[in-house]
Asker: 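Sharing a structure with you now.
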Amino acid sequence: MERSKQKQMNQNENETDAAINGHFDGRVKIPGWSAGGAAGNPSTAPSSSVMESWREERTRSLEDNEMSLPSIAAAYTTILRGLGEDPQRQGLLKTPWRAATAMQFFTKGYQEKIIDVLNDAIFDEDHDEMVIVKDIDMFSMCEHHLVPIFGRVHIGYLPNKRVLGLSKLARIVEIYSRRLQVQERLTKQIAVAITEALQPAGVGVVIEATHMCMVMRGVQKMNSKTVTSTMLGVFREDPKTRDEFLTLIRS
């Protein structure tokens, strides 16, 4: 009895760990959904119980920014003193406020919701060929060291009677990248958001990025790049579709 109870507790913990910023980092069976997007044999897709989770995401408002700015600036003043600097010298007098407003901008993704940019940009369209937007500039902040991550994002999806305005793919990247991040999670969040919004036959996301925590500190490898990918639906299940996507983003 105790062993069964412990097993259930472990399972619940694993399910909790699978949540990524409101998204379910898992693949479950949904009757009537197939890799090709048509009704038929069950296949894998994001859980229907969380399909709308991205509609409710916002953890910071403009009012929050105004209220928190003095405390963030004060924290930067403390940091300057801790580094051995004099916050009262001419060159640093306004630095805490500048740094505080800059950090709020770097993390402005917490102020935005995916639904804000997608509401009027999803269109019914009888198009079933791959859509790719590549070389989307990406700037983020490493949540481990609070230093920049920058690079390029490549996105492809196979529509299932619905398409998304092309600029909105870049907006999705902007919302999620303008948060404290790790590249692996960022890659998956972008893919899951597109899947939840469009329910396409498949989605592929590849990110190539430079991490300043590797370049400026630690191993200090100047030319190192990190590549991550998330493949969902037919991009994961069909090697030909995945290879076509990877070939096109490299061309």
Side-chain angles (χ1 to χ4, degrees), residues 11 14-54 57 114 118 122 125-136 138 140 151-164 166 168-173 175-177 181-209 225-251:
Q11 180 178 351
N14 290 337
E15 291 175 353
T16 301
D17 290 340
I20 299 183
N21 275 17
H23 291 306
F24 185 77
D25 177 21
R27 297 162 64 78
V28 300
K29 299 290 185 178
I30 296 181
W33 194 95
S34 70
N41 295 329
S43 186
T44 54
S47 170
S48 59
S49 64
V50 293
M51 285 294 281
E52 305 302 320
S53 63
W54 50 279
E57 288 187 6
I114 297 296
L118 298 192
I122 298 176
E125 192 68 40
D126 188 18
H127 181 78
D128 58 2
E129 298 296 330
M130 195 178 299
V131 177
I132 294 177
V133 177
K134 65 178 186 176
D135 296 325
I136 301 171
M138 179 276 296
S140 191
R152 299 178 300 169
V153 182
H154 314 292
I155 300 173
Y157 72 94
L158 206 57
N160 180 24
K161 307 299 183 183
R162 303 169 79 193
V163 298
L164 182 64
L166 296 178
K168 304 305 180 182
L169 295 173
R171 289 293 304 276
I172 292 174
V173 172
I175 288 175
Y176 283 121
S177 63
Q181 282 287 10
V182 296
Q183 185 174 329
E184 297 88 341
R185 181 172 67 232
L186 174 61
T187 311
K188 185 163 291 186
Q189 283 177 325
I190 295 168
V192 171
I194 296 169
T195 299
E196 291 181 344
L198 295 179
Q199 300 180 47
V203 175
V205 177
V206 174
I207 299 181
E208 307 171 64
K225 284 190 177 181
T226 300
V227 180
T228 52
S229 69
T230 294
M231 304 290 170
L232 302 177
V234 294
F235 282 73
R236 175 187 289 268
E237 297 158 4
D238 182 4
K240 291 183 178 180
T241 302
R242 181 169 60 251
D243 289 346
E244 178 185 356
F245 169 62
L246 294 174
T247 298
L248 289 172
I249 66 174
R250 291 167 182 157
S251 63

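This one's a predicted model, so the numbers in the text were calculated from it and none came from an experiment.
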Asker: Can you tell if the side chain of Leu164 reaches within under 4.5 Å of the side chain of Ile172, non-hydrogen atoms only?
Answerer: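 A side-chain contact exists here, since the closest heavy-atom pair is under 4.5 Å.
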Asker: Could you check Val205 against Val203 for side-chain contact (heavy atoms from CB on, under 4.5 Å), going step by step and ending with a plain yes or no?
Answerer: CA-CA 7 Å; Val205 177; Val203 175; 4.1 Å; yes
Asker: Show the nearest heavy-atom pair for residues Leu186 and Ser177, with the distance to one decimal.
Answerer: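 Answer, listing the atom of Leu186 first, then Ser177: CD1-N, 3.7 Å.
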Asker: To the nearest 0.5 Å, what is the distance between OG1 on Thr230 and CD on Glu184?
Answerer: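 Between atom OG1 of Thr230 and atom CD of Glu184 there are 9.5 Å.
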Asker: Please name the pair of heavy atoms, one in Leu158 and one in Pro200, separated by the smallest distance, quoted to 0.1 Å.
Answerer: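 Shortest heavy-atom separation between Leu158 and Pro200 comes out as O-CB, 3.2 Å.
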Asker: Any chance the side chains of Thr187 and Thr228 put a donor and an acceptor closer than 3.5 Å?
Answerer: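 On atom types as modelled, these side chains qualify, holding a pair under 3.5 Å.
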Asker: Which atoms form the tightest heavy-atom contact between Phe245 and Ile155, and what is the distance?
Answerer: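 Result for this residue pair: CE1-C, 3.8 Å.
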Asker: To the closest 0.5 Å, what do you measure between CG (Leu169) and CD1 (Ile190)?
Answerer: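 It comes to 9.5 Å.
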Asker: What pairs meet the side chain to side chain donor-acceptor pair (under 3.5 Å) rule with one or both residues in residues 239-251, with sequence neighbours excluded?
Answerer: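 Passing the test, one end in residues 239-251: Asp238-Thr241.
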Asker: Applying side chain to side chain donor-acceptor pair (under 3.5 Å), name anything that partners Ser229, two or more places apart in sequence or on another chain.
Answerer: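 With neighbours one apart ignored, the set is empty.
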Asker: Counting only heavy atoms not in Lys161, do more than 12 fall under 6.0 Å of its NZ?
Answerer: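 Result for NZ/Lys161: open.
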Asker: Thr195 and Leu232: which non-hydrogen atoms are nearest, and at how many Å?
Answerer: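 Residues Thr195 and Leu232, closest heavy atoms: OG1-CD1, 3.3 Å.
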Asker: Whether the side chain of Gln189 engages the backbone of Tyr176 through a donor-acceptor N/O pair (distance < 3.5 Å, no angle test) should be reported.
Answerer: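 Side chain of Gln189 to backbone of Tyr176, a donor-acceptor pair under 3.5 Å: no, none is there.
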Asker: Is the closest basic N to carboxylate O distance between Glu208 and Lys225 below 4.0 Å?
Answerer: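 No, Glu208 and Lys225 are not salt-bridged.
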Asker: Tell me the closest heavy-atom pair linking Gly204 and Met231, and the distance in Å.
Answerer: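 For Gly204 versus Met231, the nearest heavy atoms are CA-SD, 3.8 Å.
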Asker: Counting N and O atoms only, with roles assigned by atom type, does the side chain of Tyr157 sit under 3.5 Å from a partner on the main chain of Ala201, one being a donor and the other an acceptor?
Answerer: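 Checked: no pair found.
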Asker: Could you state the interatomic distance from NZ (Lys168) to CD1 (Ile194), rounded to the nearest 0.5 Å?
Answerer: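 The distance works out to 13.5 Å.
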Asker: Find the distance between CD1 (Ile122) and CG (Leu198) and round it off to the nearest 0.5 Å.
Answerer: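 One gets 5.5 Å once the value is rounded to the nearest 0.5 Å.
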Asker: Using modelled atom types only, decide if a donor and an acceptor are shared between the side chain of Gln183 and the backbone of Ile207 within a distance under 3.5 Å.
Answerer: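 Side chain of Gln183 to backbone of Ile207: a pair is present.
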Asker: Do you know the tightest heavy-atom contact between Leu248 and Met130?
Answerer: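 Minimum heavy-atom separation between Leu248 and Met130: CD1-SD, 4.4 Å.
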Asker: With a 3.5 Å distance limit and no angle check, can you tell me whether His154 reaches the backbone of Asp135 through a side-chain donor-acceptor pair?
Answerer: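 Checking the backbone N and O of Asp135 against the side chain of His154, a donor-acceptor pair under 3.5 Å is found.
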